[in-house]
Amino acid sequence: MIARTALRLLNEVGLDGLSMRLVAKELEVRVSALYWHVRNKQQLLDAMAEVMFLDAVDGLEAPARGESWDDWLRLAVGDRMRRAMLRYRGGARVFAGTNLTHPALFRVTELVLRTLCAEGLTRQQAAQGFQVLYHFTVSYAIEEQARQGAAYDDENLYSRPPEIDATRYPLSAEVLAAYWQEGPDAGYADGVSMILSMLKTLTRG
């Protein structure tokens with residue numbers, strides 16, 4: 001209840017405006033009562049991240065018969081996590097660096113490791129591959145939410161592509177133009193596809 005209240009407030013005030021006092025006020029309790037359950041703001045963020053993660057993996061099972069492991073990893077794991085973070089203002093910043101210890105995390109990790117090992121990866125390769133996907137998803141969502149411009153008081157400087165001298169920097173101009181045309185969903189899909197392509201080379205090794 002405390003974590004979900006804090007997540008609701010997060011959409012209203014943002015991460016910088018969120019405080020233990022504000023959460024206590026919303027719950028109509030004294031701040032001292034709140035500290036019985038969460039010792040400080042970092043522990044509150046841990047609880048908020050846990051709720052986001054649980055929402056993301058709710059009902060997650062191993063790949064269904066006939067479902068490719070890479071589609072499963074992309075859609076059932078990566079996309080679910082990204083969507084859960086994007087649901088809240090600054091949700092990715094909350095998620096980053098938090099300490100998740102809920103059994104659901106280890107259940108998901110076990111599903112991913114078993115799936116990748118069944119495709120021929122070693123345990124170390126499977127673990128490293130999952131770590132790359134996990135951290136890419138979180139960092140991409142952080143950057144994606146930053147580009148929504150909440151940190152700017154007036155005009156969102158990310159609302160238009162940067163001006164670039166295409167005669168001096170032709171490759172950069174081409175890449176940036178493609179990025180602005182495709183949008184963040186396509187950018188995330190491209191990044192995940194590259195990670196999964198590298199993992200596929202290991203399954204053939």
### Task
Report yes or no: do L133 and L86 belong to one cluster of Ile/Leu/Val/Met/Phe/Trp/Tyr joined by side chain heavy-atom distances under 4.5 Å?
no

### Query
Crowded around E174 CD? As in, over 12 foreign heavy atoms under 6.0 Å?
no

### Query
Do the ring planes of F130 and Y134 sit parallel (below 30°), tilted (30 to 60°) or perpendicular (above 60°)?
perpendicular

### Message
Parallel, tilted or perpendicular, judged at 30° and 60°: which one describes the rings of F95 and F53?
### Response
tilted

### Query
Would you say the side chain of D71 lies within less than 4.5 Å of the side chain of R74, judging by non-hydrogen atoms?
yes

### Summary
Looking only at heavy atoms, the pair that brings L75 and D79 closest together is CD2-OD2, 3.3 Å

## Note on the structure
Between the CD1 atom in I195 and the CG atom in D70, the distance rounded to the nearest 0.5 Å is 12.5 Å

### Distance-minimising heavy-atom pair for A104 and V57
CB-CG2, 4.5 Å

### Value rounded to 0.5 Å, distance of CZ in R89 from CG in L9
11.5 Å

### Query
Quick check: does any side chain N or O of Q125 sit under 3.5 Å from a backbone N or O of L121, one acting as donor and the other as acceptor?
no

### Sidechain N-carboxylate O distance under 4.0 Å for D185, R83
yes

### Message
Just verifying a value: how many Å separate M20 CE and L34 CG, rounded to the nearest 0.5 Å?
### Response
4.5 Å

### Message
Taking D58's backbone N and O only, do any of them form a donor-acceptor pair with R80's side chain (distance below 3.5 Å, no angle check)?
### Response
yes

### Task
Begin with the C-alpha distance, continue with both residues' side-chain angles, and end with the deciding distance and a verdict on side chain to side chain contact (heavy atoms under 4.5 Å, CB included) for R87 and L7.
CA-CA 10 Å; R87 198 172 297 136; L7 285 169; over 6 Å; no

### Query
Do V51 and I2 belong together in a cluster built from hydrophobic side chains that touch within less than 4.5 Å?
yes

### Message
If the threshold is 4.0 Å, N to carboxylate O, is there a salt bridge linking D16 and R93?
### Response
yes

### Message
I'd like to know whether CE of M198 has more than 12 heavy-atom contacts from other residues, nucleotides or ligands below 6.0 angstrom.
### Response
yes

### Message
Using 0.5 Å steps for rounding, measure from the CD atom of E67 to the CG atom of L73.
### Response
10.5 Å

### Task
Identify whether Y140 and V175 are in the same connected component of the hydrophobic contact network (ILVMFWY, side-chain heavy atoms under 4.5 Å).
no

### Task
Would you check if T115 and V112 make a side-chain contact, meaning some heavy-atom pair closer than 4.5 Å?
no

### Query
Is the shortest heavy-atom distance from the side chain of M85 to the side chain of T137 under 4.5 Å?
yes

### Query
So how far is it from T122 OG1 to L202 CG, rounded to the nearest 0.5 Å?
8.0 Å

### Query
Of the non-hydrogen atoms in I164 and S172, which two are nearest, and what is the gap between them?
CD1-CB, 3.5 Å

#### Entry: Shared hydrophobic cluster, Y188 / I142 (ILVMFWY, side-chain heavy atoms < 4.5 Å)
yes

### Query
If you draw a 6.0 Å radius around NZ in K25, do more than 12 non-hydrogen atoms from other residues or ligands fall strictly inside?
no

### Task
Spell out, yes or no, whether W36 and L22 are grouped together once hydrophobic residues are joined by side-chain heavy atoms under 4.5 Å, including indirect joins.
no

### Message
Set out, in order, the CA-CA distance, both residues' side-chain angles and the distance that settles salt bridge (Lys or Arg N to Asp or Glu O under 4.0 Å) for R4 and D55, then state yes or no.
### Response
CA-CA 11 Å; R4 290 197 181 278; D55 288 346; 2.9 Å; yes

## Note on the structure
A84 and Y88 have their tightest heavy-atom pair at O-CD1, 3.6 Å

### Query
So, W72 side chain and E61 main chain: donor-acceptor pair closer than 3.5 Å or not?
yes

### Message
Please give me the minimum heavy-atom distance between A6 and M48, naming the atom from each residue.
### Response
CB-SD, 3.6 Å

### Value rounded to 0.5 Å, distance of CD in Q145 from CZ in R82
10.0 Å

### Query
Shortest non-hydrogen contact from A49 to T98?
CB-OG1, 3.3 Å

